[in-house]
Amino acid sequence: MKMFFRVFTLSILICSSVLASAQTVTLDYFFNRETRKNKAGEVERFHYLWGKSDYGNFFILGNIFKKQGFKLDSLETAPTAAKLKGTDVYLIVDPDRPKENPKPNYIQAADITEISTWVKQGGILVMFANDSANVELPHFNKLANVFGMHFSNEMQNHVIDDKHFEDGAISTKKNPVFKTAQKIFMKDVCAIETKNGAKPVLKNAANATVIASAKYGKGTAIAIADPWLYDEYVNGRLPKEMGFENDKAAADVVAWLKKLSKK
């Protein structure tokens, strides 16, 4: 009986230790807050959410984070260093323009101060943009510029329709971040300019940077040219015969973030 209780107690301690050390990824629900009316006439959020599994959300990506030991969280209000305490990775995705939200929450100077302070203390910030016609870049760039990165108005990887999937292809062979994915799909994206220590992580066939990163204090800021890991392009809608591996790429990116957040 004593042996049973010792084993039981040890198991509890191990589980508690694992839970205590679990990393947290927080998804911004403030700068991107797109809404629509559902069939009942009620206003609901519908884009880039953890908990919904239709094409425009991050349900699959959330599960990948969970498989790699992360806890999922979201932030409905303007970020502060205090609110981000306990968050290891903070995702800001496709900030709203008036087209998506009549009263968008633009990234302000106070937000930039709070976010950059949190990054400097060791946080991992991931900024997912879009092509300039579908994201609010002027305020987003004020944040990105702090870390030596800038989302341009130049569109890359334009894909006209499903008959031209290959125009969105990017090779990730021998890329240090993409350890398992060889080829990804990322369509209609902006290009990223880098300076002051920021470095390209991935370039497309036209040599335009589509992922970049920068060390900042104890943390890291990452710029990605599109919200390309939402369910539509991770769950198999891409033609299998073309060899796209966005599912593997999503796991590669999460593994990269996990490694960065442990440093």
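Since we're looking at a predicted model, the values are computed, not measured.
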>> For Asp161 and His164: C-alpha separation, side-chain torsions, deciding distance, then whether side chain to side chain donor-acceptor pair (under 3.5 Å) applies.
In response: CA-CA 6 Å; Asp161 54 34; His164 297 83; 2.7 Å; yes
Check this for me, if you would: do [X] and [Y] make a salt bridge, where the nitrogen-to-carboxylate-oxygen distance has to be below 4.0 angstrom?
X: Arg33; Y: Glu76; answer: yes
X: Glu44; Y: Lys52; answer: yes
X: Arg237; Y: Asp54; answer: no

Write down the atom of [X], the atom of [Y], and the distance for their closest heavy-atom approach.
X: Ala81; Y: Thr117; answer: CB-CG2, 4.4 Å
X: Ala250; Y: Ile64; answer: CB-CD1, 3.5 Å
X: Ala208; Y: Gln156; answer: CB-CD, 3.5 Å
X: Ser116; Y: Tyr216; answer: O-CE2, 3.4 Å
X: Pro227; Y: Ala129; answer: CD-O, 2.9 Å
X: Pro200; Y: Thr194; answer: CD-OG1, 3.9 Å

Find the distance between [atom1] ([X]) and [atom2] ([Y]) and round it off to the nearest 0.5 Å.
X: Asn141; Y: Ser132; atom1: CG; atom2: OG; answer: 10.5 Å
X: Leu61; Y: Leu229; atom1: CG; atom2: CG; answer: 5.5 Å
X: Lys258; Y: Leu260; atom1: NZ; atom2: CG; answer: 12.0 Å
X: Asn130; Y: Asp226; atom1: CG; atom2: CG; answer: 5.0 Å
X: Arg97; Y: Phe140; atom1: CZ; atom2: CZ; answer: 14.0 Å
X: Asn246; Y: Leu238; atom1: CG; atom2: CG; answer: 5.5 Å

Would you mind reporting whether [Y] and [X] have side-chain heavy atoms less than 4.5 Å apart?
X: Lys218; Y: Lys120; value: no
X: Phe128; Y: Asn32; value: no
X: Gln23; Y: Lys262; value: yes
X: Asp96; Y: Glu34; value: yes
X: Thr77; Y: Leu75; value: yes
X: Asp247; Y: Asn235; value: no
X: Phe185; Y: Ile170; value: no
X: Ile224; Y: Val210; value: no

Are [X] and [Y] grouped together when hydrophobic residues (ILVMFWY) are joined by side-chain heavy atoms under 4.5 angstrom apart?
X: Leu72; Y: Val93; answer: yes
X: Leu202; Y: Ile192; answer: no
X: Val89; Y: Met127; answer: no
X: Ile222; Y: Val119; answer: no
X: Trp228; Y: Trp256; answer: yes

>> Determine whether Phe178 and Ile211 satisfy the following criterion, side-chain contact (heavy atoms from CB on, under 4.5 Å), listing intermediate values before the conclusion.
In response: CA-CA 12 Å; Phe178 298 95; Ile211 301 179; 3.9 Å; yes
[Y] backbone acceptor or donor facing [X] side chain under 3.5 Å:
X: Glu245; Y: Gln182; value: yes
X: Asn57; Y: Phe59; value: no
X: Asp252; Y: Thr180; value: yes

>> Working note: Tyr48 + Asp94, criterion side-chain contact (heavy atoms from CB on, under 4.5 Å); need CA distance, chi angles, decisive distance, verdict.
In response: CA-CA 9 Å; Tyr48 305 130; Asp94 194 16; 3.3 Å; yes
> Would Tyr90 and Leu27 count as a side-chain contact (heavy atoms from CB on, under 4.5 Å) if you check the C-alpha gap in whole Å, the side-chain angles of each, and the deciding distance to 0.1 Å?
Replying inline: CA-CA 6 Å; Tyr90 179 43; Leu27 179 58; over 6 Å; no
> Taking atom types as modelled and ignoring hydrogens, do the side chains of Glu193 and His150 form a donor-acceptor contact shorter than 3.5 angstrom?
Replying inline: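 The answer is no; no qualifying pair exists.
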>> Regarding Lys199 and Ser213, do their side chains bring together a donor and an acceptor under 3.5 Å, going by distance alone?
In response: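 The answer is no; no qualifying pair exists.
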> Are Thr172 and Lys183 close enough, and set up right, to give a side chain to side chain donor-acceptor pair (under 3.5 Å), and what steps lead you there?
Replying inline: CA-CA 5 Å; Thr172 52; Lys183 179 182 178 182; over 6 Å; no
>> Working note: Asn157 + Asn204, criterion side chain to side chain donor-acceptor pair (under 3.5 Å); need CA distance, chi angles, decisive distance, verdict.
In response: CA-CA 8 Å; Asn157 285 35; Asn204 68 0; 2.9 Å; yes
>> Ile115 vs Ile92, test: side-chain contact (heavy atoms from CB on, under 4.5 Å). Steps then yes/no.
In response: CA-CA 11 Å; Ile115 294 169; Ile92 301 177; 4.0 Å; yes
> Ring centroid separation for Tyr55 and Tyr230, is it under 6.0 angstrom?
Replying inline: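 Judged by ring-centre distance (under 6.0 Å), Tyr55 and Tyr230 do not meet the cut-off.
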>> Could you go through Thr24 and Asp73, starting from their C-alpha distance and side-chain angles, then the distance that decides it, and tell me whether this counts as side chain to side chain donor-acceptor pair (under 3.5 Å)?
In response: CA-CA 7 Å; Thr24 297; Asp73 201 356; over 6 Å; no
